Structures are given as structure tokens and as C-alpha cells.
Amino acid sequence: MFVALRDIRFAKGRFALMGVVVTLITTLVVFLYGLTGGLGRDASSAVDELPVTDIVFGAPAGAAAEVSFSSSTISAAQAAAWARTPGVGSAEPLGVAMTRAAGATAAGSVSLFGGSADLLPPLLSGSAPRDGQVAVSRSVADTYGVGPGGTLGLGTEKVTVSGITATRSYGHAATVWTTLATWQRISGQRQPTVLAVRRSGADLGAADAARGTRTVARGDALVGIDGYQAEHLSLQMIQVFLFAVSALVTGAFFTVWTVQRKPDVAVLKAIGASSGYLVRDALAQALAVLGGGALLGGAIGAGGGAVAASAVPFAVGPATVAVPVAVMVLLGLAGSALAIARITSVDPLTALGANR
Amino acid sequence: MTVLALDSVRLTYPDGDRRLTALDAVSLDVAAGELLAVAGPSGSGKSSLLAVAATLSRPDSGQVVVAGRDTTRLSDKERTALRREHIGIVFQQSNLLGSLTALEQLLVVEHLRGGPVRAARERAGALLDSVGLDAAKRARRPHQLSGGERQRVNIARALFGRPAVLLVDEPTSALDHERGAQIVDLLARVTAEHGTATVMVTHDRALMARADRLLDMTDGRLAVVPTPAVRS
């Protein structure tokens with residue numbers, strides 16, 4: 001990096017400008033990554049963290065089963081048949097619905113899950129709900145001002161809070177857990193929404209065909225949450241565009257820089273620098289600019305995200321920072337490499353004579 | 001001892017539908033410690049001669065031997081290594097790298113060779129001293145030096161790799177007569193001190209008095225010119 005570092009020192013204004021651009025784009029990407037993770041968690045954690053392997057979706061009579069929590073319904077016969085299926089450890093009916101909650105301090109929407117205590121998120125205090133009781137996520141307890149022994153209005157019902165669970169949410173609404181019978185009473189639905197299955201080698205295709213259901217792995221079931229996929233894809237598309245913009249901007253910068261450096265490159269080649277030496281030197285220069293800008297952008301994004309997390313759904317962690325920073329650097333290097341490859345075609349003969 | 005030898009070298013360039021002959025049956029030998037001046041008008045082939053000797057152009061035919069190696073048989077990579085190890089080039093324009101200080105213009109040569117740059121600083125400083133660049137100007141970049149100072153750094157850079165062959169392209173073209181004469185004097189001195197086989201091409205015959213031998217180039221052909229010493 002003998003020449004590379006000195007070029008940066010000499011043209012510090014230009015390189016600083018490029019570094020600032022990389023920093024800003026990385027900050028934006030880290031924010032988007034954190035927001036994507038946070039919104040995704042906000043939309044799906046109640047399903048994503050169920051202690052099961054698969055989710056079975058059903059459909060009303062005459063309709064084909066789809067991966068959709070809003071249209072799925074499971075009959076008693078389907079639930080019983082799945083429970084008897086070889087290779088299936090358990091098939092717990094799970095009711096999923098949105099309802100209105102009214103507590104001591106607030107009123108609003110919550111997601112209501114009804115099922116066995118086996119599916120309950122970790123209890124932080126109190127006990128698992130029995131009929132007529134609910135266990136609420138910590139965020140529900142904080143927002144609605146309720147705790148174990150307190151009363152919460154759900155729809156037209158009044159229920160007792162038996163405990164507080166780790167925070168879970170579904171469709172951007174914090175989750176309230178209860179038994180299937182209480183869920184049916186509050187939601188007004190007679191049949192559960194899905195089956196939560198623990199599987200160890202069952203033939204899902206044959207079981208689905210026999211029972212008119214559609215079974216997917218728990219992680220794949222998230223697309224069945226209304227709006228989840230559209231929201232996720234929109235944010236991911238913005239990320240992809242930002243990465244592409246970053247690669248193009250750095251590529252354009254180093255294209256111009258390489259063209260400006262051609263006379264110097266010709267001289268260096270004439271005095272014995274190999275193309276490999278010059279390409280390594282230029283790539284090290286690109287890495288210094290990209291690495292510095294991306295690390296700074298990652299730090300700003302992580303710090304800003306941590307502050308913003310109290311107001312917006314934001315997931316900040318080593319992966320949500322390290323991944324976008326690494327991708328920024330790698331794509332930026334790829335864009336730069338295409339520009340820097342021009343170095344190999346510079347003819348050292350141009351260093352001789354007056355055509356310089 | 002002959003360090004640079006060209007034997008029956010022919011070099012042509014494409015020129016529309018035909019080929020232009022830049023060098024025609026050119027042969028010459030340059031010994032260690034000898035300063036050879038090649039004079040000729042613009043377009044006579046002087047720069048082509050340097051390009052071939054510097055291994056920057058591959059001749060159509062003939063042999064170019066540098067430090068005992070026939071360069072026409074070498075790959076591009078080998079020719080690059082040969083330039084790095086055995087050839088110093090003093091460019092017409094000083095062609096110094098804009099981001100490097102005068103001292104660093106020399107150190108980059110050591111870096112290209114994979115040598116210890118830190119240890120080379122003292123030698124680089126001494127060499128800049130020997131070509132007449134003030135110690136205070138070692139930390140200056142090219143745009144902070146005068147034309148004559150840039151040319152002195154150019155010469156020092158070419159010498160820093162201890163080359164066997166020193167190729168000098170119109171070293172005084174950007175200088176006034178007085179400074180041009182100083183640069184040619186300097187080239188004669190470093191040729192003797194460093195024992196390089198030096199080829200200097202120029203169109204300014206007035207600056208050739210310090211050369212050991214003169215050749216005249218016309219239309220790609222070389223002819224011997226009697227030196228003042230020979231004439232006497």
C-alpha cells in the first residue's frame with residue numbers, strides 16, 4: 001500500500017467525500033436491516049418462536065388449504081387425524097385472532113392465541129392460564145397497566161390475567177395467550193386456526209393429501225401472516241437497491257480515479273511495477289476507503305438504532321450490523337475491482353515521450 | 001564490458017494500410033560507465049530506440065541484450081522484472097508521482113523490489129544529496145519543486161535501483177540552456193560514478209559535449225558522429 005496510502009493522504013478531500021458517501025449508505029442500510037428485523041419480529045415472533053417444527057393449515061369445506069392464518073381453519077376430524085399420524089409427536093390446535101383489548105391505562109388491538117400450555121412463551125411471572133384467564137406479553141402488561149390477578153377486557157369479555165410471558169407479537173400487535181376454549185369464546189370462532197406440530201419423520205405430503213391440509217415448516221409459515229411477505233420483500237428490495245447503488249457509486253469513483261491515475265500507473269509499470277502489484281495496491285486503497293466508511297456507518301447505524309429501538313421496532317445485534325457492513329465492503333470491492341482491472345491494460349510505453 | 005547491446009533491431013508501427021519503419025537494422029553496444037548520446041530530429045526514431053532498449057517495445061526482429069539477457073525472448077512479466085532490476089529510465093517530463101515526496105519517489109523503487117523501505121531512507125537521502133537536491137526539499141511534492149529540481153529527482157529515482165543500464169529521454173527539453181547543461185553534466189558524472197551504461201537521446205546537439213560517444217539517428221538508422229575528442 002505504499003502508493004495507495006500516499007494517494008489517500010494527498011487527495012484526502014476526494015477520498016473523504018467517498019468515505020462519507022459509503023458511511024451514509026452503510027448507516028442507511030444498517031437502519032434498514034435493523035428495521036426489517038424489528039418489523040419482522042413484530043409481525044411474527046408469536047409464530048416464529050413456537051416450540052414446534054411445523055404448522056398445519058386447513059380450509060373451510062370445499063376450499064383448498066393455503067398458507068394463510070386469516071383463511072385457515074382446522075376441523076376436529078383433521079386435528080384428530082394429525083394427532084394419530086405416525087412420526088408426529090404432537091399436533092396441538094392453535095387459535096389465532098385479532099381482538100380489542102381494554103386495560104386500566106389503555107385500549108387497543110392485541111393478537112389472541114389460544115392453545116395448550118405447551119405452546120405458551122416462557123412465563124416471567126404468574127402461572128399458565130386456565131379457562132377464563134389469559135397470560136399477557138410483557139409489552140401488553142406495560143401498555144395496558146395489568147399484572148397477575150388483574151382484569152383485562154378482550155372483545156366483549158372480561159378475563160383475569162394469570163401471568164406475564166416474554167414479549168411476543170403477531171401482525172404488529174402484542175400477544176395475549178389463553179386456552180382454546182376461552183379463545184373460541186372471545187373470538188367467536190368454533191374451530192382452531194392451525195395445528196402446531198412436533199414432527200420426527202412423518203410423510204407430510206401423504207398426510208396433507210389424506211386430510212386436505214397444507215403443512216409447512218414453522219419458518220415458512222410466516223408468509224401466512226397477513227402483510228408479512230409484502231412488508232419483508234419491500235424492505236429487502238430497498239436494501240438490495242442500496243447495496244447496488246453503493247457498488248455503482250464506488251465503482252464509478254474508482255473508474256474516474258483509475259482513469260486519472262493512468263499516467264502514474266504507466267510510469268510505475270515502466271520502472272518495474274507488475275500489474276499484480278498495482279492491482280493489489282489499488283484494491284487495498286479501495287478496501288481502506290470502503291472499510292473505514294462502512295465501519296463508521298455501521299457504528300452510527302447501530303448506535304442510532306439502539307436509541308431508536310425505544311420508539312420503533314428495531315432489532316440491533318452483531319448480525320444486523322456485521323452483515324450489512326460486510327456486504328457493503330464486498331460489493332464495493334467488486335464494483336471497484338471492475339474499475340481497477342483497467343490498470344492491467346495501461347501501456348507503460350505511454351510514460352515515454354511527450355504524449356503524457 | 002558491454003551491458004546493453006542491440007543487434008540488427010527492426011521496429012515497425014502500423015500506419016494506416018502500411019507499416020512505418022521506426023528502427024531499421026539498428027545495432028549498438030554500450031559499455032558500463034559509458035555515456036552514449038543519440039541525436040536526431042523529431043520523428044527520427046530516438047524514442048523508439050529507447051522504448052526497445054527499455055523493453056517497453058518488442059522489436060519485429062533483431063536482438064536486445066540487457067545485462068546478458070536477450071530481452072526479445074522474455075515474457076511481459078520477465079521484462080517487467082528486468083526493468084525493475086537492471087534498467088533505470090529518466091523520462092522526458094519528469095513523470096514524478098504527484099502524491100509522493102521527493103524522497104518517496106526513490107523509496108517506491110525499493111518497495112517495488114520488495115526491499116525494506118525504512119532501511120532505504122538513508123541511501124535515498126544520500127542519493128538526492130548527490131544529485132544536488134537540498135535536504136530541505138526532500139519532503140516536497142513535485143508541484144513544490146522547480147523543473148530542474150524535478151529532473152534531479154527523476155535522475156535519482158532512475159539510479160536508486162542501482163541499474164546496469166540508464167536510459168535518458170530528452171532530459172533537457174523542459175529546461176533552459178543553463179539548467180540543461182547542469183543536468184547533462186550531472187548525467188555524465190553519475191554515469192562515471194555508478195558505472196551505468198547510459199544512453200541519452202536528445203535533439204539538442206549543443207548539450208552533447210560531455211558524451212563519450214555520439215550517434216546520429218535519421219529515419220530509423222544510426223550513424224557514428226565523430227566526437228570532439230575523436231576529431232582532435
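So that the names make sense, note that chain A is the first sequence line, chain B the second, and so on, each numbered from 1. This one's a predicted model, so the numbers in the text were calculated from it and none came from an experiment.
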Exercise: identify the closest heavy-atom pair between N95(B) and A351(A) = ND2-O, 2.8 Å
remark   = CG of L112(B) to CG of L278(A), rounded to nearest 0.5 Å, is 7.5 Å
query = Between G98(B), P163(B), A54(B), which has the largest tally of heavy atom pairs under 4.5 Å with chain A?
reply = G98(B)
ask   = By a 4.5 Å heavy-atom criterion (distance strictly below it), what part of A81(B) contacts chain A: side chain, backbone, both, or neither?
value = neither
query = Given that the side chain runs from C-beta out, which part of E85(B) has a heavy atom under 4.5 Å from chain A: side chain, backbone, both or neither?
reply = neither
ask   = Taking it one step at a time, do V267(A) and R157(B) satisfy side-chain contact (heavy atoms from CB on, under 4.5 Å)?
value = CA-CA 12 Å; V267(A) 171; R157(B) 178 176 65 182; 3.8 Å; yes
Heavy-atom proximity to chain A below 4.5 Å, by part of L107(B) = both
message = Is I8(A) close to chain B through its backbone or its side chain, or both, or neither, when contacts mean heavy atoms under 4.5 Å?
response = neither
message = Counting C-beta onward and ignoring hydrogens, is there a side-chain heavy-atom pair between I271(A) and F160(B) closer than 4.5 Å?
response = no
remark   = When rounded to the nearest 0.5 Å, the distance separating OG1 of T101(B) from CZ of R9(A) is 7.0 Å
ask   = When the ring planes of Y277(A) and H111(B) are compared, do they come out parallel, tilted or perpendicular, using 30° and 60° as the limits?
value = perpendicular
query = Would you find a donor on one side and an acceptor on the other, under 3.5 Å apart, between the side chain of D7(A) and the backbone of S99(B)?
reply = no
request  = Taking all non-hydrogen atoms of both residues into account, name the closest pair between S47(B) and L352(A) and its distance.
outcome  = O-CD1, 4.4 Å
R218(A), CZ atom: more than 12 neighbouring heavy atoms under 6.0 Å = yes
ask   = Pick from K77(B), E170(B), R141(B), K46(B): which one has the most heavy-atom pairs with chain A under 4.5 Å?
value = R141(B)
query = Is the CZ atom of R113(B) crowded by more than 12 outside heavy atoms at less than 6.0 Å?
reply = yes
message = Taking the side chain as everything from C-beta on, heavy atoms only, tell me whether F2(A) gets closer than 4.5 Å to L100(B).
response = yes
request  = Count the heavy atoms belonging to other residues, nucleotides or ligands that lie under 6.0 Å from CG of D219(B), then report whether that count exceeds 12.
outcome  = no
task = Determine yes or no for a side-chain-to-main-chain donor-acceptor pair under 3.5 angstrom, with R83(B) supplying the side chain and A270(A) the backbone.
result = yes
Gap between atom CG of L97(B) and atom CG of D264(A) - 0.5 Å precision = 4.5 Å
request  = Could you tell me which non-hydrogen atom of L349(A) sits nearest to which non-hydrogen atom of S57(B), and how far apart they are?
outcome  = CD2-OG, 3.6 Å
